[in-house]
Amino acid sequence: MKIRLKIKHLAGLVVVAALIFILFREYVIPRMELTAAEEGFEQGKVTGKEKLLKLISTAEGSKKWELISKYVIPGTPGLDEQSYDVVVGPDSTEGGGVDRSEPVKFDDSEKLPLLLDYVRNGPADKSEYGTAASGLARTFYVKGNPAEAVAILKQAEERIPQIYGFTRLNLAIQRAWLLNFAGEEEQAQEIITGLMKTEDKIGSLDLTARLVTMRAQFLAREGKLQEAVDIVGHTIRDNKSESGSTGNQADQVSRVWDPIGRLTALSQQLKAASRQTNLASTVKGRVTRSDGTPLAGVGVFLREKKDVTHSLLDAEPYLTVTNSKGEYEFPVVLAGIYQLYAGFSLNQIDGWTWPVMPGDWIDLNESKHLVKDITLRPLLDLISPVNKQVIKGDSIDFQWEPVQGAASYSLEMGLEETGLTGLSIRSGIQDTHIQIPVTDLYDKQTGITSHSNSENVMIPDPNSILGFSNPKATYSWSIEAYDAKGKLLTRSNGYRLNSNTLGALPLLQIKSRTLTDADRLLLGGKLDEALGAYKQSAKLNPSDVHSVRMLIKILDALSDDREERKKLAEEQLPYEKRLAELYPSADNWFRVMIYYYRHNDWEAFYTAYKEMEKYKAPGSDDTYDRSLYATVLLKQGRLAESVKAFEHVMQDDRSHRFVGNYLAAALLCGDSFASVQALARKYPEISFTGETYWEEMILQLEKEARGSADYRQQVSEKIRWVLSGEKKLETWLKSTHESGMKQFVQTLAHVG
Amino acid sequence: MNREPSTSTPKQKLDQELKSLHFTYQTEVLKRTHPSSWGEQLRMFWNYEIEIPVIPAAGTLTLIAVILFLHPWSSSVSHNPEQFADRGPLIEAYGNTYWKKDYERAVARLEDKTQD
């Protein structure tokens with residue numbers, strides 16, 4: 001079949017086709033591409049990102065701003081936002097803020113021109129505008145251009161219409177913050193003082209609190225502490241009703257998310273700082289990899305004692321970010337005790353670790369200028385046994401890659417089925433390999449995990465009772481490397497997110513023993529039957545270590561209330577002694593020792609303590625044991641010996657957990673309140689159960705003692721009552737009007 | 001009434017009827033049949049009638065349309081798995097943090113090995 005037509009008609013058809021084609025290319029296809037790119041971007045495809053960038057660059061007017069505000073601004077944290085994939089600190093690592101599906105993000109060089117365009121020419125009345133300006137300023141700052149960052153914020157403030165006062169003010173505070181970092185303190189001060197004049201018009205308690213906090217810090221740096229206290233106090237009074245804060249000061253301080261709670265804490269801190277030799281310090285440092293590469297854009301946070309127990313809050317006062325050289329600085333930090341935390345992106349932390357030690361506190365009461373660097377080190381690699389290797393012999397050969405500069409290593413293990421990790425197996429290992437007898441692992445105290453059943457009754461997990469004696473279980477292991485001074489260098493555990501860092505799985509199985517019938521009963525959850533079977537075996541074969549060990553553990557697992565625990569402890573003791581004799585180890589003798597400690601049998605306590613010392617691994621942390629020893633000396637009235645023992649422990653135990661007993665010993669020795677107060681200041685108690693202000697309490701005792709002749713005698717008597725568990729104490733606590741002594745005695749009763 | 005004798009042939013009759021019509025477009029016709037100038041040639045080409053076989057032409061057109069319209073976004077539909085960042089979520093296993101899919105793959109490899 002053929003059709004006839006003239007050339008001119010053909011040409012006409014071609015023109016129409018071309019017009020349709022142009023229409024498609026210029027309008028329909030871009031629309032479709034946008035949709036495809038948006039979908040691709042949301043699903044995390046790289047090409048989607050490229051398409052979006054191209055589309056934004058070709059788009060005009062409001063369409064362009066719309067695209068930028070939809071896709072570029074949300075992924076750009078502002079100067080006042082803390083958005084990091086991983087937040088690492090001495091006592092916790094938190095994978096926060098990660099969008100778990102990890103969409104493709106624009107990098108800084110892609111975002112910068114777009115944000116710049118938006119801040120200079122985009123709609124300043126949109127809510128995203130402030131975020132864009134803050135994010136852009138942050139990007140410039142991280143790239144090492146603080147002057148440009150300041151200029152951007154200023155320009156943005158000028159463009160934002162007057163009615164959006166909140167955003168303008170927020171940017172102004174950020175500008176002051178930046179100027180302060182850039183060493184332009186005067187300009188920063190000028191902004192803050194200027195804004196303070198309009199304080200009553202701010203209308204946002206959060207911003208007011210930030211403003212006042214900055215002002216107070218500046219004043220503290222100038223030594224005008226009273227003025228700082230007044231300003232903070234004034235703001236608290238003015239805004240108290242607004243925040244809905246009620247109750248006493250201590251309650252308010254614990255409300256870390258509430259601006260008034262924060263200001264109350266600040267006021268206390270300012271008052272406490274006035275007792276210190278220096279009111280405010282500078283803390284600075286660099287964040288680098290161990291090869292010297294600086295890390296830009298790392299969040300650095302100096303966190304107060306009350307803040308380290310919760311996730312990072314934007315309202316915390318000391319938060320910053322590193323610049324292009326990896327540098328950070330806190331120009332004004334009030335005297336106090338802090339922990340340094342850092343926020344990393346997954347790219348920064350993958351395959352690396354920041355070897356920060358637990359309980360690493362920074363005491364700024366004394367140092368004026370502190371330099372604290374953060375150095376990331378590559379994760380250590382494990383060699384064998386890995387990938388669920390099966391162990392059948394009497395011992396396990398652990399082997400790992402050497403770490404440069406390491407003087408010793410420590411080995412930790414975990415029980416995969418129960419989720420228990422970090423069980424210390426050996427420390428102070430000099431080589432990059434070690435042979436561990438399986439019997440040592442069987443003897444390891446693993447702790448017992450429980451889960452609640454359908455009736456909400458806690459059921460002990462048999463896997464955790466059987467511990468390392470279970471041939472069916474899978475175990476994990478890890479290594480930490482330390483330098484000659486005992487400082488952590490690196491570890492094998494960390495973020496392993498690509499094929500280079502993934503490494504072998506640190507898993508093994510121990511099939512050196514077979515399950516007994518009693519073990520099977522235990523694994524089947526029949527704890528009582530298993531207990532009976534173990535007792536039977538232990539009776540028939542007095543040297544059956546496994547059965548003795550298991551029945552002690554089952555008794556541990558069964559004793560869930562106080563009364564029962566007492567009864568079961570009596571039942572456990574003969575077995576504990578037998579286990580310590582059959583398989584003598586520090587852990588096994590510790591159990592015997594702690595029994596006698598609780599039952600005030602001092603002679604038996606000393607015997608068990610001596611046995612325990614024989615088996616203690618060199619370099620292991622024995623501060624708790626030594627604190628108990630010093631406490632027993634105190635309880636026996638051997639005061640001079642006790643004081644001496646405590647003095648030694650305090651130097652090794654950074655938590656100063658037993659400092660209350662030390663102070664009690666010093667008071668009983670007749671030391672003056674002033675010298676006891678000095679001890680309390682020297683060894684502040686740092687624990688997670690809450691702060692204990694021993695120094696404050698001693699000050700209160702001293703105040704109450706004035707004008708009362710037998711006060712010291714009263715204090716000594718009450719301390720003795722606490723130490724001997726005297727029943728009269730309860731009646732006295734209820735009737736006494738001496739609140740200082742009451743608080744001290746009550747707190748002392750809870751030491752340890 | 002004087003009637004003319006009807007002696008005229010049809011030819012004469014036609015001549016007479018067309019007497020008032022004069023053909024003056026000879027040159028135009030000649031130009032078209034025998035174009036000499038460029039414009040004349042173009043015009044002839046413009047009105048040239050061609051015969052197009054339907055099936056091959058339609059086929060070619062479809063092909064062109066497919067190439068023109070589908071090509072532009074073929075690049076946005078990528079099937080390369082390397083470009084997918086979708087390996088999440090992150091999971092924590094015995095102190096390490098992995099992408100869930102990576103971890104499951106590694107564990108599956110172990111299971112395969114132990115079965116061999």
Side-chain angles (χ1 to χ4, degrees), chain A residues 1-8 10-11 17 21 24-25 29 32-33 36-37 40 43-48 50-51 85-86 93 95 98-104 346 349 379 387-388 390 412 414 416 419 421-422 475-478 491-499 502-507, chain B residues 42-58 61-62 64-65 67-115:
Chain A
M1 200 169 81
K2 287 178 179 176
I3 50 165
R4 293 168 66 93
L5 76 166
K6 286 184 176 176
I7 293 278
K8 63 180 176 192
L10 185 67
F21 177 70
F24 261 74
R25 265 218 92 115
I29 293 177
M32 292 170 81
E33 276 186 324
Q43 287 163 12
K45 290 176 200 162
V46 177
T47 45
E50 285 158 3
K51 276 266 141 57
D85 293 339
V86 191
T93 293
V98 189
D99 188 330
R100 300 284 156 150
S101 61
E102 181 66 356
V104 177
L346 290 180
I349 201 76
L379 290 175
N387 294 339
K388 289 198 182 175
V390 175
E412 291 183 348
E416 213 205 350
T421 55
Y475 304 106
S476 64
W477 65 291
S478 61
R491 46 166 77 92
S492 64
N493 276 351
Y495 280 76
R496 297 178 172 275
L497 303 180
N498 71 64
S499 48
L502 187 66
L505 300 181
L507 301 175
Chain B
L42 182 73
R43 191 180 196 148
M44 182 179 147
F45 172 74
W46 200 231
N47 287 293
Y48 193 77
E49 221 167 49
I50 50 167
E51 274 191 345
I52 299 167
V54 175
I55 293 163
L61 275 178
T62 316
I64 292 169
I67 290 169
L68 285 181
F69 290 121
L70 294 187
H71 176 71
W73 69 83
S74 61
S75 60
S76 72
V77 184
S78 168
H79 298 290
N80 184 353
E82 285 301 312
Q83 288 180 330
F84 287 76
D86 178 25
R87 296 189 292 171
L90 289 173
I91 57 154
E92 210 189 303
Y94 35 83
N96 285 298
T97 307
Y98 304 100
W99 288 117
K100 193 162 185 257
K101 286 189 181 166
D102 286 0
Y103 175 70
E104 281 168 354
R105 227 175 287 138
V107 172
R109 268 203 299 273
L110 283 190
E111 303 299 326
D112 288 350
K113 229 190 271 172
T114 42
Q115 275 169 19

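Residue numbers start from 1 in every chain, and the chains themselves are labelled A, B, ... in the order their sequence lines are given, proteins ahead of strands.
Nearest heavy-atom pair across B/Y98 and A/R496 is CD2-O, 3.5 Å. Across A/L497 and B/W99, no two heavy atoms sit closer than the pair O-CD1, 3.2 Å.
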Salt bridge (charged side-chain N to carboxylate O under 4.0 Å, His left out), that's the test. Do B/E49 and A/R4 meet it? Break it down for me. CA-CA 7 Å; B/E49 221 167 49; A/R4 293 168 66 93; 2.7 Å; yes
Apply side-chain contact (heavy atoms from CB on, under 4.5 Å) to B/N47 and A/I7, showing your working. CA-CA 6 Å; B/N47 287 293; A/I7 293 278; over 6 Å; no
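Considering OG1 of B/T97 and CD1 of A/I349, their distance stands at 9.5 Å, rounded to 0.5 Å. Distance check, rounded to the nearest 0.5 Å: OH of B/Y94 to CG of A/L505 gives 4.0 Å. A/S476 OG to B/N96 CG: the interatomic distance, rounded to the nearest 0.5 Å, is 8.5 Å. To the nearest 0.5 Å, atoms CD1 (B/I52) and CG (A/L5) are separated by 4.5 Å. The line from OH of A/Y495 to CG of B/L90 is 6.5 Å long, rounded to the nearest 0.5 Å. Distance CD1/B/I55 to NZ/A/K2: 11.5 Å, rounded to 0.5 Å.
When each of A/G494, A/A504, A/G414 is scored by its heavy-atom pairs under 4.5 Å with chain B, the top score falls to A/G494.
Only the backbone of A/S492 comes within contact range of chain B, with heavy atoms under 4.5 Å apart. Looking at A/L507, the atoms closer than 4.5 Å to chain B (heavy atoms on both sides) all sit in the side chain, from C-beta outward.
Qualifying side-chain hydrogen bond (donor to acceptor under 3.5 Å, both in side chains) partners for B/E92, counting only residues two or more places apart in sequence or in other chains: none.
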